[in-house]
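Report on the following structure.
The structure displayed is predicted, hence computed values, not measured ones. In the text below, chain A, chain B and the rest are named by the order of the sequence lines, each starting its count at 1.
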Amino acid sequence: MYIYKIIIILFLLFFLTPARAITSSERVSLSGNVKDEANGEALIGVTILIKELKIGASTNNYGYYSISLPKGTYTVEYSYVGYQTVSKSVNFNTLTKLDIELKTAATEMQEVVVSSQRRDANITENTMSAQRVSINTIRKMPALMGEVDLLKAVQLLPGVVSAGEGTSSFSVRGGGIDQNLIILDEAIVYNASHMMGFFSVFNNDAIKNMTLYKGDIPATYDGRLSSLLEVQMKDGNSKKFSGSGGIGLISSRLTLEGPIFSDKTSFIISARRTYADLFLKLSSDEKIKNNQLYFYDLNAKLNHRIDDNNRIFISAYLGQDVFKNKDAGFNFGNSTLTGRWNHLFSQSLFSNFSVNYSSYNYGLSSNLSNESNFDWKYKMQDISLKADFTYFISPQNTMKFGYTTTLHNLKPGTITSTGGTTSYNTYTLPDNNAFEQAIYLSDEYQLSKRFSVKAGLRLTGFSSIGSGTVYRYDNNYNAIDSTVYKAGEVIKTYYRLSPRMGISYQLDDKSSVKANYARTNQFLQMASNSTAGTPLDLWFTAGKNVKPQTCDQYAVGYFRNFFNNALEASAEIFYKDMRNTIDFRDHAQLLLNQKLDGELRFGKSRAYGIEMQVQKNIEKLTGWISYTYSRAERTIQGVNNNETYLAPYDRPNSFYIVGNYELNEHLSFGANFIYATGQPVTYPIARMEIGGIIVPVYSKRNEYRMPDYHRLDVSLTWKPLSKKKRLWTGEWNFSVYNVYGHKNAWAINFVDDPENAYKTKAEMTYLFTFVPSITYNFKF
Amino acid sequence: MQIKHIILSGLLATLFVSCTTDIAIDLNTVAPELVVDGAISTDTIVHTIYLKKTSNYFSNEAANVVSGATVTLNDGISTVTLQEDVSVKGAYHTAATYFGVVGRTYTLTIDNVDVNGDGEKERYTASCPLNAVPAIDAIAVVKGQLFYHDVWPVKLWMQDPPNVSNYYLIREYRNNVCVSDSIDEWGITSDEFFDGVYLNNETIMYFSSHKQDEMLVNGDKISLEVCGITKDYLNFIQEVKDEYRGRNPLFGGQPANIRTNIRQVLPTNATGSPRGYFAAYATSWAKTVYRTQ
C-alpha cells in the first residue's frame, strides 16, 4: 500500500510541473560539459548558477549538466573548489550548448576570493551526509610510509572511524566494515586493501574524485547498509601527453596519459609496485633471502567521444598481493573491468549504459618438500548490466531512473592435495550463486526558492540460485541434512523496497536545515571474525538460511556558512535502526567450513550520534575540524546470553583535525591529528588452570574498552625552484607518521609472565610509532 | 586442520614487525567457580580427575583446589567412587585396574562441594561417550626442516574408518616422558580432509628444535598416543589453544569463554557456571626408535 502512496506522490509532482512552468516553447535548455582546462578532465560536481533566476545545477559524474530555463539574457556562473570561477553572459533564444573549461586557482593564489562567488553548494543542494574530498587535498596530507591513500583520508571524515591501526577498513556511523559499498568507475571493489590493509587499492594518481555518502545514499545504489564510497578514475589528459609518478620508500608509481590521434580519444595507465622484497634478496640470511613480499596494481582507462551525444569508456583495474617463502605462499587480489556508454537522447535526457565485471580472489598454498601439500583457491565474481537515466524535466524538477541486473558467483574454494604419499580427497566448499535485479525511480523537486524535496524508491529482487548445496539446521544450529541445487535453480528469492526521502529548507543565504530518511538493504556480507578485516575474509549471500539485512536511517542537519562561504559548518544527527543483523557464534569456524550458515547468529542492532564539522576550502589555510559522538549496539540471539552488547565500532568520541597551509608556491605544510575513544573489548575477569596452562575466563562481550587512540602526523611538501626550464616538475614530500610516538594499542593479550610460573599480565601490541618517510613526486 | 594453522602462523611470523609492552589494566572479580579437568581412557591405569577453582585474573598464585568432594563415575552399568589423593589435594583417582570400554557413556558426578563459599551445597555432573579409535599400523621418525628450523616429523600409517566422523587427539612421548604434556601442545585433527583414507607415511606431529625437551638424539625411544575423542572435546581443546595463544585484529576472533560439558545440577538457581571438561576416549599406541641417517 505504502509503495503506491510514494508512486502517487511522484506522479503528482510530475504533473504539477506543467501547470507551474512556462510552456516548452518559451523554455530553453542550457547544457554542456565542464572540463579542466589543463588536461580536459571532466569535472564532477561543478556548481552552475543562473544568477538572475537563482536557479542552480551541478555537473554529474561525467561532467555533464543540463538546466531548463525561460528565454532571456542571463549571467551564468560556473564555480568549483580549487578552480577559478567563470562567469558568462549569454542570450538564450534557442537550445544552447555551452562547454566550459575551468582553470585551477593554484596559479592565482595571491588574489582574494571575489565576494560575488557562491561556494554554497553545501547549503543549497538537497543532499546531506555526503563528503567529497578532492584528490589534491589527499595528495598533500601526511601519509604512512609516504603512501598517500584515499581510504586513510576517508578515515578522517566525521562519522568515520578506522577499524584498526594501519588498516584500510573503516566503519561509518557505527556500521560494520562490510557495510560500505566501494565503487570504482561503477564496478564493486570487494576488498580494497593491499598488504593486510596498510595500503588501499587506489592509486591516487589515477583517481579524479571521491565521494562518501554516509546516509542519504542515492537510489541509484543499494546493497550496503552504511555507506557508499564512489570513486571515479581520471579519463586521461585529452590535450597533451603527460605523466606523473613518484618514488617512495615502500613503492613507486608511474602514470602515463594522453590523447590518441586527437582530443576525442584519451587514455590513462597507472602502475604501482612495492619493492621491499627486492632488498630482501641482498640478505645473506637464507630465511629472508628467498621470501617474496610485494603488491602491484594497474589502472587503465580509455575514453572516446564519438560525437557530441555519445561517449564510450573502458576502465580496468588489476592488483595482486603476493607473500611467499620456501614453505608456503599466499596471494590475493581484485580485478575490475567496465565498459560504459554515455548517450544523450536529448539535452534533457542523459543516459549511461554499462557492463561491469569485478572479481576478488585469493589463494593459500603450502610447498613443503616430502609432504602432502595443499592448494586452496577462493574466488568471487560479479557481472552486471546497468542502465541509468537522468531526465532534466524543468528548472525545478530532475528525475532519475534506471535498471540493474547482476549475477554473483562465489566459489569459496576447492582444496587439492599434491605430493606426499597419502591420496587425500579433494575438499570442495559448495558454490554460492545469486541473481539480482533492481529498478529505481527518484525525483528531486524545488517546491519554492527555499524548499526542495526529493523522494526515491528502489525495488530489488534477490535470488539465491544453484548450483549450490544448502544445509538445513535444527534449533541447536546443527546441520541435519542438505539439498543440492542444479545450476540456475532458484533456492530462495527476496524482494526488498528501499524508499528514500529528503527535504531541504533554506533559512537564508547562508544557512539551511535538511532532513533525510533512507532504507537500505544488504544481500552480501562478509564472514569475518576479526575487527580489522583480513585478506582471507569470505563473502556470503542471503539465501534459505540467511535473510537480507535492513537499515532505516533518519538524519537531520543544520548547515551554515561563514565569512562569505569561506567557512562551511554543519551539524548532523543520525539514528539507524537495523534488522537481521548478522554476528557469529563464539569461536566460530569461518574458514573452510562447508556448513558456514550454522556459525551465524541473527538479531538486531542500532546506532545513533551527532557529527559536527567546520571546513575551509579556500585560501592558504585549508582543512577541517570535526567532532563526532557515535554509539552502536547489538542484540543477537545466541551471543552474549542474548543480552545487548556494544558493537565493535562503538567509538563514542572521535575528534579529527586535518590541515594544510600553503606558505608560498614552493612550500606547504600538512598535519593530521586524530583522537578516538578506544574500541570496546572483552577482557578476562577470572582465570583457570586446565591441561597444565592458565587460560582466561571472560566478562560479558565488549564490557571493557581499549585505551584511547591518538596521534599526530605532519608533512612538508617542497617544490624546488628551477632556473632552467626542465622537462618535468618535481616535489619532495617529507612525512612523519605519529610524530610524538604515542603507542596506540593494536591488540591487548593476557599472557603468562615468562619469569614467574603463576603470574599473568596484560600485554599490549602496538605497530607504528614515529615513522618518517620521503617521497619524490614528479609530473611532466 | 593442523597444516593450515602451521602455515598461517609461519607466514605471519615472516610478516610482522610489531612491538609489545606491558600495560596495567583494572579488571573485575567474580566468585570462584568449579574447574573440572580429567579423562577416562581405554588404558588400564589410574585415571585422575582434578577439581580446582577459578581465581582472580591477577591472583598470581596456584589455583585453589576443591578437596573433600564426593566424586563418582558411572559407565551405564556400574558406579565407582574416586579416591582423593592423600598428598595432592584436589586429585581424584580411579583404581589402577580401571579401564574405559568403547561404546559406553561415562558420567561423572561431583557432590558435597561449595565452590563459591555461600553455604549452599552444590552438585555437578558431566557426561561423555567413549568413541573408538583405529589401530596404528606403524610410526617412524625422520629429520626435516620447517620454516627454516630443524624438526622431526612423526610419520603415521593408519586407516581412517570410512563413513564415520573421527576426531583425534595426539600426544608424543620421548623415552616414556610425554613431551606434549600441556594442552597447548596436544595435536588435534578431524578426518574432514581424509575420511576413509589410508594415511600412508603422513606427518601427524612434529618434534621441534625450538623446544629443549624435543631435540631428539640417536636412540631416543619414541611413542605416539592417538585417542578417538568426541567432536565436542576436540572443539574444547581448540578453544583452549585459541584463548591461550592470544589474538591480533587480523586473525583472531572475539574472545569468548571456552565451552564445557560440566553442568551444575544443584542448587537449581545458581548464577555462576562450572568450567573445564570431562572426556572419555579410546587410545591406540605405537612405538619406534629414532635413528639418525
Using non-hydrogen atoms and a 4.5 Å limit, figure out which bit of [X] sits close to chain A: side chain, backbone, both or neither.
X	value
B:N257	both
B:I258	both
B:V197	side chain
B:D26	backbone
B:Y244	both

dist B:F58:CZ -> A:K761:NZ (nearest 0.5 Å) comes out at 10.5 Å
Taken to the nearest 0.5 Å, the spacing of A:E763 CD from B:I25 CD1 works out to 11.0 Å
Segment of [X] engaging chain B (4.5 angstrom heavy-atom cut-off):
X	value
A:D752	side chain
A:N702	side chain
A:I748	side chain

Between B:E33 and A:V697, the two heavy atoms sitting closest are OE1-CG1, 4.4 Å
Query raised in the report: According to the interplanar angle, ranging from 0 to 90°, do the rings of A:F750 and B:Y57 count as parallel (below 30°), tilted (30 to 60°) or perpendicular (above 60°)?
Result: perpendicular
Comparing B:N28, B:V30, B:T54 against chain A, the one with the most heavy-atom pairs below 4.5 Å turns out to be B:N28
*asked:* Just by distance, no angles: are the side chains of B:E243 and A:Y698 close enough, under 3.5 Å, to form a donor-acceptor pair?
replied: yes
